Every structure is written in structure tokens, then in C-alpha cells.
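Just below is one structure, and these are the notes that go with it.
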There are 2 protein chains.
Amino acid sequence: MAMDDRKFRILQAIIDDYILTAVPVGSRTISKKYDMGLSSATIRNEMSDLEELGYLDQPHVSAGRIPSAKAYRLYVDQLLQSGKLRSEESLPSYFNGRVQKMEEVIDRAAQVLSSLTQYTAVVLSPTGPRMRIRNIQLVSVSPESALVVIVTDAGVVRDSVVRVSRQLDADTLYTISRALTEALSGCTLEEACERMPVLMGRMQENAAILQSVHGYISEARDRNPHSHVGIGGASNMLSWPEYSDVEKARGFLSLLETREKLASIVAQQGDVSLTVRIGPETGVPEMSDCSIVTATYSTHTGRQGTIGVIGPTRMHYSKVMAILQAMGHQLTDLLGEPGSPERK
Amino acid sequence: MAMDDRKFRILQAIIDDYILTAVPVGSRTISKKYDMGLSSATIRNEMSDLEELGYLDQPHVSAGRIPSAKAYRLYVDQLLQSGKLRSEESLPSYFNGRVQKMEEVIDRAAQVLSSLTQYTAVVLSPTGPRMRIRNIQLVSVSPESALVVIVTDAGVVRDSVVRVSRQLDADTLYTISRALTEALSGCTLEEACERMPVLMGRMQENAAILQSVHGYISEARDRNPHSHVGIGGASNMLSWPEYSDVEKARGFLSLLETREKLASIVAQQGDVSLTVRIGPETGVPEMSDCSIVTATYSTHTGRQGTIGVIGPTRMHYSKVMAILQAMGHQLTDLLGEPGSPERK
DNA sequence: TGTTAGCACTCGACGACGTTGAGTGCTAAT
DNA sequence: ATTAGCACTCAACGTCGTCGAGTGCTAACA
């Protein structure tokens with residue numbers, strides 16, 4: 001027995017209905033609501049076959065059937081192939097013209113995504129190998145303290161206060177800044193770390209402060225690559241019938257709180273522009289009944305970021321996929337050309 | 001009929017028990033568990049009086065009693081006066097020696113607070129009038145774009161990419177940066193906004209880019225004063241029996257998501273170092289069965305921040321208050337003297 | 001006068017039980 | 001190959017009686 005076209009159509013109807021209602025769907029529902037010209041008995045036989053093939057599960061003997069992860073996978077693959085997504089549900093622009101701070105863009109994107117989809121959205125800041133130092137500034141803040149600002153082509157990666165000895169006045173700090181910038185501009189963070197000892201030897205009178213700067217650079221280098229993780233619509237998950245049980249919801253919510261872990265889960269592997277991971281495919285046991293849909297966007301410096309939506313496996317895939325794709329493009333347009341959000 | 005000492009002791013016992021169990025407490029419980037040398041009948045009479053006085057509520061005729069907001073208020077005021085908190089539950093230091101980025105400190109503080117209290121913690125970044133510009137930098141990122149970095153004594157308030165015309169090479173940008181810094185250093189953001197037009201007149205050849213800078217400064221000025229809001233333990237709230245009803249939890253959670261609103265609710269009014277707002281006192285209808293306990297910390301620039309814990313009115317006040325106070329001090333120690341977290 | 005024992009009463013929580021209805025699998029007829 | 005029919009299963013739901021924690025009231029007591 002194999003998967004024929006009719007079985008597939010029935011499966012599709014079951015999935016559609018289940019996505020809509022979250023209630024196990026029975027043979028009568030299919031034969032009536034989706035007029036396939038078949039009686040419930042026939043559907044019943046087919047459903048029995050589909051169950052044997054692993055596409056359907058039955059919570060109880062006398063309940064309807066529920067699509068399995070395998071069924072969703074088939075469904076999504078079909079969606080991806082059929083090219084229906086190309087319709088590109090054109091979104092209005094959600095970013096007011098002005099260029100904003102990266103973090104604000106990310107938070108806003110997460111917020112928009114969650115409100116469009118009614119699921120939980122996660123947006124990861126762009127990451128990539130090409131982060132090079134542009135400028136290092138020591139700024140006097142008070143007689144005894146200064147601010148270290150390390151700027152890369154991806155923005156400010158570090159700003160921290162250090163204590164300085166009194167003889168370092170504004171001018172001296174400025175001189176040091178210039179020397180640092182000159183020596184390190186264009187370096188990656190790794191290279192900068194390696195060169196620092198040389199610099200420290202050359203400017204021994206300021207070794208203390210260079211030491212601090214060195215520390216900050218190496219910290220920035222070691223830091224989790226996703227400097228910012230935007231989350232939107234965490235509360236949406238409590239509306240899913242799947243999480244009417246508070247204990248389950250708790251597990252999910254606390255996962256959202258550990259942002260590094262979350263980022264590593266959501267982070268896109270491979271370079272596909274649209275990825276769907278269903279249930280067990282997420283690789284996270286706690287999320288075996290969730291799906292993650294992700295898309296990518298890229299910035300003018302060639303770095304890539306990820307936007308994602310997390311929902312129950314019973315997710316409105318086609319809608320979510322279309323929205324993510326559109327949003328990915330919108331972000332790429334926004335960040336791709338600095339200062340000109342409305343391109344073309 | 002007035003509040004006498006015995007009534008107060010009974011009330012205290014009821015509150016203690018209710019905080020612990022979240023179950024309406026009856027007269028027998030008090031007379032047995034808390035040996036007051038009184039029979040349940042006597043307690044019953046007293047409880048009836050306490051109810052009449054408005055300190056107790058009765059969910060059902062045949063259930064025990066629950067402390068009212070008024071009761072908690074009395075309880076907390078007594079705690080505050082009795083000076084028991086002075087014991088100062090000395091916390092271990094939760095911040096590893098190194099000076100960290102302000103945002104990291106805030107997030108970590110929220111995380112620590114929530115895990116110590118098992119409630120939800122909110123930490124607001126310091127705010128205050130004394131934010132003065134220290135430095136403005138234009139950093140070349142690519143031939144066509146530059147990064148604007150605005151530094152104040154409170155750290156970087158803005159870093160955004162702007163598009164520049166090609167003739168603005170690194171040196172020119174540098175010259176502009178110097179001029180800007182010279183002209184605006186020491187100004188508040190308001191003052192800077194006012195002076196910009198003059199500068200633009202003086203440097204007409206670079207009016208475009210100055211225009212952008214002007215925009216960013218005024219944006220930073222208008223921005224919500226709490227640039228960063230750290231939240232910890234949001235998932236903890238799902239463990240409170242009060243929120244076993246998912247719908248209620250949803251309301252709370254979505255409140256946590258709108259950080260500006262949250263900040264304005266938590267933000268401390270007045271200059272008391274420890275504040276407790278109980279139920280209706282929070283001023284937020286959605287939080288009529290929550291309490292907010294806040295403390296303050298301050299930085300070396302004299303700016304004040306707020307740390308807070310949100311929990312059910314049935315909160316373990318004494319513990320939470322002691323922890324907040326200790327954490328407030330720890331943060332002040334950490335941020336009070338730049339570069340020397342371990343002072344004394 | 002304050003305290004306590006006793007008692008009738010209330011009412012939510014809980015388990016037992018029967019009913020209902022959606023859904024299934026199987027069989028026999030078309 | 002499809003479908004009508006039928007027996008069967010089982011979660012959901014409402015009803016009902018029991019249980020027990022808790023109350024208020026009264027009368028006795030120190």
C-alpha cells in the first residue's frame with residue numbers, strides 16, 4: 001500500500017482542519033466539510049491506511065485522528081515545492097523611514113512578526129565572520145574614569161567604564177585612542193587580541209589602560225555571536241490550546257528566558273533562506289510538539305541574521321512561511337543599503 | 001472594637017500561613033500550628049472581628065479566611081518599622097570582579113533576583129538628569145556609510161549607521177567629529193539639540209550629515225528614560241497557584257512584554273530606598289492581586305536605577321525586601337566606583 | 001467578662017454513575 | 001471499489017451523595 005493522490009488530498013484536508021481547530025478530526029468531518037465526493041466510510045478506510053503509513057495518530061480509540069510530524073513534513077515539503085509561497089503576501093512597511101539602532105529594528109521585527117502570526121517570534125542579530133574593528137575610543141567621563149568604546153563595522157560591540165589614573169587627562173586619552181585606532185583599525189577581533197601585547201610594549205607608560213582594553217576586546221571576541229536576541233509575543237503561546245496545561249507552558253517559557261540557548265536552537269544552519277523544523281526535528285526534547293520556521297536576512301556588510309517563528313506543530317505553516325519570507329526581504333532591504341530604507 | 005495586640009498576632013499568623021500555603025486558613029489551623037494558647041473558638045471570634053475591621057476576606061462561607069490588601073499593608077509596615085530587615089541577609093557577590101557592560105549587569109541582576117526570590121524581577125537602568133554628552137564620533141564603516149556614536153557619561157546612547165556621500169573620507173569625518181565634540185561636550189541632550197542649528201550654519205558644507213546627527217540626538221532625548229529593562233524569572237509566575245488559570249497569566253505576561261509600560265509601572269516615585277506597593281496600590285487594574293517591591297541603586301554619576309520584584313500579594317515580603325535591599329547595595333557598590341567592584 | 005465546648009449548618013471537593021455523542025472497525029450489500 | 005449499517009469504545013458532561021473543613025451561635029465555665 002502506498003501513498004496515492006487521493007490519500008494525499010485527504011491527509012491535506014485533515015491537516016488543514018486540525019490546524020484550524022486543534023481538535024482530532026474524524027471521518028465524517030472530512031466527508032462533509034471538504035466535499036471530496038466520498039462517504040465517511042471510505043475516508044475511514046483511507047485514514048486507517050494513512051495511520052498505518054505513519055501519517056496519522058489516534059489519541060484514543062473513539063477520537064478522531066491527528067497528523068503526525070511526518071504528515072506535517074510532507075505537507076510543508078509540498079508547500080515549498082508548489083511555489084505557492086511566491087505570492088509573497090506583500091507586507092506594508094513596518095519600519096518608519098528613519099534608520100534605527102540595530103537593536104530597535106530587531107525588537108520591532110520580533111514584535112511585528114508575533115502580532116502578524118499570533119505565535120512567538122525570535123529575531124537574531126546578524127552574525128558573520130566579517131566583523132572588523134573601525135575605531136577605538138577612550139572618552140573621559142570623570143577625572144577618574146573613562147569609557148572604552150569599541151566600534152566595528154557592525155556597530156558598537158563594547159562600551160564599559162574603566163578607572164584611570166588622574167594623570168590621564170582628556171588629551172592623553174585622545175592620543176591613546178588615536179594610536180589604538182590606527183594600529184587596530186581593519187583588524188578582526190582575533191587579530192586585535194594578538195597585536196595588543198606589541199602595542200603594550202610600545203606604550204609602556206599606559207600599560208594599565210591598554211590592559212583593560214585588551215580585556216574588553218577579548219571579551220567581545222568570546223562573546224556569544226548573537227549579541228542581541230529579540231523576542232516577541234511570548235504571551236501568545238498561552239493562547240494555544242496545546243499549552244492550556246500550565247506546566248508545559250512553564251517549560252517553554254523558561255526556555256525563552258535563556259536567550260543564549262534559545263539563539264543556538266533557532267540559529268539557522270545551512271544557507272537555505274527558509275527552513276522549517278517540525279517537532280522532533282528541532283532537536284530539543286522540550287519542543288517535541290513545537291515547530292520552528294526560520295528565514296534569513298542580510299546586512300550591507302554581508303552578515304546574516306535569522307528571524308524565526310515558534311509555534312505548535314499544528315502551525316499555520318503557509319501563512320507563517322509567507323510572512324517570514326516577506327519580512328526577511330523587508331529587513332534585507334532596510335539594512336542592505338544604509339540610509340536608504342526605501343530603495344529602488 | 002479596635003485592633004489589639006492579640007488580634008495583631010493572630011492576623012500575623014494568618015498571613016504567614018497564607019503566604020506559605022496559598023490556602024484559606026481556618027481557625028483550627030491557627031490554634032494548632034501556631035500555639036497561641038487559645039482555642040479555635042476564640043480565634044474564630046477574633047477572626048470575625050478582623051473581618052469586620054477589613055483585614056480578612058472570606059471567599060466562601062465554609063472556607064477559611066484570606067488576608068486583605070489592608071492586612072498586608074499593616075504587616076509590611078510593621079516589618080519596615082521593626083527593623084528586622086537590618087539583618088541584611090548578606091548575599092554572596094553575584095558579579096564576577098570584572099566591570100561589565102551596563103546592560104549585562106542589569107540582565108544578570110534581574111536573573112539573580114528572580115532565582116533568589118522565585119518571583120519575577122525587573123531591573124531598570126539608571127536614569128537621571130545628569131546625562132551630558134562627552135563625545136560624538138563619526139566612524140567610517142564603508143565608503144558610503146558611517147556610524148554615528150553618541151557617548152554620554154552614562155555610556156553610549158546611540159549608534160546608528162548613516163549614509164554619507166563619497167567625498168566624506170575618514171579624515172573629513174574625523175574633523176567633523178572633533179568639531180562636534182568640541183561644540184557639544186558637556187551639554188545635556190536638550191542643549192545639544194538647541195545648538196545644532198548654529199553648528200549647521202557654521203559648517204554648511206556638511207549640513208546633510210549634521211542633520212542626521214541632530215535627528216539622532218533629539219531621538220535620544222525623547223527616548224524613554226529607561227534605556228534598558230531587564231526581566232528575570234518571567235516563567236516563575238506560572239508556578240504561582242494564583243496563575244493556574246492560563247487567562248490571568250496571559251494578561252500578566254503580555255504586560256511584561258511591553259517594556260515601556262512595565263518600566264513606568266515599576267519606576268520608583270519618591271526617593272525612598274525601599275517601597276512596597278500592594279495590590280490596588282500598584283495603580284494597575286491588571287495587577288490588583290500582585291504586589292511590587294522596589295529598591296534603588298545608584299551609580300558613580302549620581303544617577304538612580306530601580307530594581308523590583310513582582311509577585312502575588314501573597315508574597316514572602318520579608319525575604320523579598322531583605323534581598324532587594326541587599327542587592328541594591330551590591331549594585332551601588334559595583335557601579336558606584338568605576339573599575340573597583342570590590343571596594344574597601 | 002472572656003474563654004471554651006458543643007452543635008447545627010454551609011458549601012466546595014471529590015468520586016461514583018449514567019447518559020450522550022462523536023468516532024471507529026467490521027461486514028455485507030451495491 | 002464504495003457505501004450503508006451496526007456494534008462497540010470512550011471522553012466529556014451533568015447529577016448525586018458523601019466527606020470534611022470551616023463557620024456562627026449558644027450555653028456553660030472560670
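Below, chains carry the letters A, B, ... as their sequence lines are ordered, and counting in each starts from 1. Note that the structure is a prediction, hence the values are computed from the model and not measured. Hydrogens, waters and symmetry mates are skipped; everything else that's a heavy atom, side chains included, is used.
Aromatic ring orientation, A/Y72 versus A/Y317: tilted (interplanar angle from 30° to 60°).
To the nearest angstrom, P of D/dA11 lies 13 Å from CD1 of A/I66. Rounded to whole Å, atom P of D/dG22 lies 15 Å from atom CD of B/E51. In this entry the distance linking CD of A/Q58 with P of D/dT9 reads 14 Å, nearest Å.
Panel note: side chain A/Y243, backbone A/F252; no donor-acceptor pair is recorded below 3.5 Å. A side-chain donor-acceptor contact under 3.5 Å links B/R314 to the backbone of B/I19.
A donor-acceptor contact closer than 3.5 angstrom is absent between the side chains of B/S291 and B/R277. Side-chain polar atoms of A/D17 and A/Y34 form a donor-acceptor pair below 3.5 angstrom.
Within the 4.5 Å cutoff, the side chain of B/I66 has no heavy atoms near those of the B/I14 side chain. Proximity of A/D57 to A/R65: side-chain heavy atoms (C-beta onward) are nowhere separated by under 4.5 Å.
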I'd like a list of close polar pairs between nucleotides 2-4 of chain D and the protein, N/O only, cut-off under 3.5 Å.
from: D/dT2; atom 1: OP1; to: A/R6; atom 2: NH1; distance (Å): 2.6
from: D/dT2; atom 1: OP2; to: A/R6; atom 2: NH1; distance (Å): 3.4
from: D/dT2; atom 1: OP2; to: A/R6; atom 2: NH2; distance (Å): 3.1
from: D/dT3; atom 1: OP2; to: A/S39; atom 2: N; distance (Å): 3.1
from: D/dT3; atom 1: OP2; to: A/T42; atom 2: OG1; distance (Å): 2.5

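The residue among B/V61 and A/A63 whose nearest nucleotide of DNA chain C lies closer to the 5′ end is B/V61. Each of A/S62 and B/S62 was assigned the nucleotide of DNA chain C with the nearest heavy atom; the assignment lying further toward the 5' end belongs to B/S62.
The nucleotide range of DNA chain C contacted by chain B, defined by atoms under 4.0 angstrom from heavy atoms of the protein and reported 5' to 3', is C/dT3 to C/dG12.
Taking 4.0 Å as the cut-off between side-chain N and carboxylate O, A/E242 and A/K248 do not count as a salt-bridged pair.
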